[in-house]
Amino acid sequence: MIRLHNFINGRFQAPASGQYLPNDSPANGQVYSEVPDSDQRDVEEAYQAAARAFQDWGRSSKQFRYEMLMRIADGIERRFDELAEAESKDNGKPLWLTREVDIPRASANFRFFATALLHFDAQVHSMEGQALNYTLRHPLGVVGCISPWNLPLYLFTWKIAPALAAGNCVIGKPSEVTPYTAYLLSEIVAEAGLPAGVLNIVHGLGGKVGQALSEHPGIPAISFTGGTATGAQIARTAAPMFKKLSLELGGKNPNIIFADANLDEAVRMSVRSSFLNQGQICLCGSRILVERSVYNEFRDRLVAEAKKIKVGHPSNPEVFMGAVVSKPHMEKILAKIETAKQEGGIVLCGGERAYPGGEAEGGYYVAPTLIENLSMDCSTNQEEIFGPVATLTPFDTEEEALALANSTRYGLAGSVWTENIHRAHRVAARLHSGFVWVNTWNLRDLRTPFGGMKDSGVGREGGFKSFDFFTEAQNVCVKIEGY
Ligand code: TXE
């Protein structure tokens, strides 16, 4: 049994409660580690350490912070294999995926924001003949970073790296469902020699540790990725204190496939957008809208590809899909599939728990599922499922496609498939979503703004947008006589 520790003021320590939560591997349902069940007392201790550390870190040179972040990135790369295996074991996702995406991206996040910091500078607005304005960007102080379980180290570092680079001290709270790589990161940070208290990692439940961060009067900003209901709870708590909030929440993203699209590519990428990471990515395309003239052909080809997907133990290099993250989450996905059937949905493939057997015995697997014959206003098409489940719906006109695509309360991402360049631009601009891909999916440039419209969130992260969030702007206006 592996016992994880909090990382507070540069020390590894037990939670104030002395209590631990069991953590299982979704691949086989076996409990293999214990996670600190921390509470407000641990958050307070972390806050005191971070506030002390901020006296120096907040005034440190960019070069110093750059070097520290690059050392953390080096440390992640040195322990690459261990991190990739830990992430796969903790989350259930295939090992090839953690090796190709999660862990490379975690070190890339540190490198990206370390170098971006060197290029982030004050803006100047000259009022000719009168004055010069320059806008300073000050770090905020001690900030909270709360991350989810679907891309554990990837999203944790996506928040922590820019927060630190901008000169803040951080209290990070990883998901209690997938705490392992965040714990390994605390070891890497200690090895890298980051000054004590600059980064603190407090493990535990959202209702205790996350809530204590949102409630803390000394913490002026929270960056959160997770469910929409949790985001609303954080906003309710933080708003009266006027905290800065960056909320990256759920999605119900459309893939819009027009008859003139390259169908080979549209089918290939729809398999990825529906089932990569077991469908547990906020960007996944869960509503596939297809122009009626190619609907049957597209559907039959997509179903044929989905049936070929190998589901199994994450360590098997041949599997495309591993386990979903937890037993309760698997049960939620299966219940949503039952609801879809009651709503009149026809299950084209999957629709049930998968039992790959062998070393995957006891694990939480769901077969890739495609459903058609549902109205767009039913709950299956309106509520986020966050599993390997997508629906197919035909449309007749561009207007109808847009109306269907924009009909949910979410607005995170969408993809448009067409060879008509005019239509591509037109439809992209009219989609109510934070970002749109044309003839691709999940192609990411870390400099671009990332975030959603409507109930998919508030604010944007990525590139200098992250620095805007993690700093406070201060304009200095200097009158110049005789200019
Ligand atoms: O996420 P939670 P859950 C969606 C997805 C999923 C649903 C619920 O639809 O089925 O959300 O998942 C912390 N104050 N997404 O319940 O609870 C929690 O400990 C502060 C989409 O697992 O939102 C964890 O660290 N923090 C998503 C983090 O919030 C609180 C990714 C996220 O967990 C808290 C994950 C509180 N009161 C789920 N309660 C995406 N956008 O990618 C919990 N937390």
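Whatever order the structure lists ligands and atoms in, that order sets their numbers, starting from 1. Since the model is a prediction, treat every value here as computed from it, not as a measurement.
A centroid separation of less than 6.0 Å is found between the aromatic rings of Phe467 and Phe113.
Geometric assessment of Arg99 against the ring of Phe80 yields a negative cation-pi assignment under the 6.0 Å and 45° thresholds. Taking the ring centre of Trp417 as origin, the terminal cationic atom of Arg268 falls outside the region bounded by 6.0 Å and 45° from the ring axis.
Of the inter-residue distances, the one linking His329 atom NE2 with Gln278 atom CD reads 9.5 Å to the nearest 0.5 angstrom.
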field: Check against ring-ring contact (aromatic ring centres under 6.0 Å, His included), Phe110 and Trp158
entry: CA-CA 8 Å; Phe110 278 102; Trp158 175 243; over 10 Å; no

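Within a 6.0 Å radius of CZ in Arg444, other residues, nucleotides and ligands contribute more than 12 heavy atoms.
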For ligand 1, output the ligand-protein N/O contacts shorter than 3.5 angstrom; if there are none, return none.
{"unit_1": "ligand 1", "atom_1": "9 (O)", "unit_2": "Glu384", "atom_2": "OE1", "d": "2.6"}
{"unit_1": "ligand 1", "atom_1": "10 (O)", "unit_2": "Lys332", "atom_2": "NZ", "d": "2.4"}
{"unit_1": "ligand 1", "atom_1": "17 (O)", "unit_2": "Thr230", "atom_2": "OG1", "d": "3.3"}
{"unit_1": "ligand 1", "atom_1": "19 (O)", "unit_2": "Lys173", "atom_2": "NZ", "d": "3.0"}
{"unit_1": "ligand 1", "atom_1": "19 (O)", "unit_2": "Glu176", "atom_2": "OE1", "d": "2.6"}
{"unit_1": "ligand 1", "atom_1": "19 (O)", "unit_2": "Gly206", "atom_2": "N", "d": "3.2"}
{"unit_1": "ligand 1", "atom_1": "22 (O)", "unit_2": "Trp149", "atom_2": "NE1", "d": "2.6"}
{"unit_1": "ligand 1", "atom_1": "23 (O)", "unit_2": "Gly227", "atom_2": "N", "d": "2.8"}
{"unit_1": "ligand 1", "atom_1": "23 (O)", "unit_2": "Thr230", "atom_2": "OG1", "d": "2.8"}
{"unit_1": "ligand 1", "atom_1": "25 (O)", "unit_2": "Ser147", "atom_2": "O", "d": "2.8"}
{"unit_1": "ligand 1", "atom_1": "25 (O)", "unit_2": "Lys173", "atom_2": "NZ", "d": "3.3"}
{"unit_1": "ligand 1", "atom_1": "37 (N)", "unit_2": "Gln211", "atom_2": "OE1", "d": "3.3"}
{"unit_1": "ligand 1", "atom_1": "41 (N)", "unit_2": "Gly226", "atom_2": "O", "d": "3.3"}
{"unit_1": "ligand 1", "atom_1": "41 (N)", "unit_2": "Leu249", "atom_2": "O", "d": "2.8"}
{"unit_1": "ligand 1", "atom_1": "42 (O)", "unit_2": "Asn150", "atom_2": "ND2", "d": "3.4"}

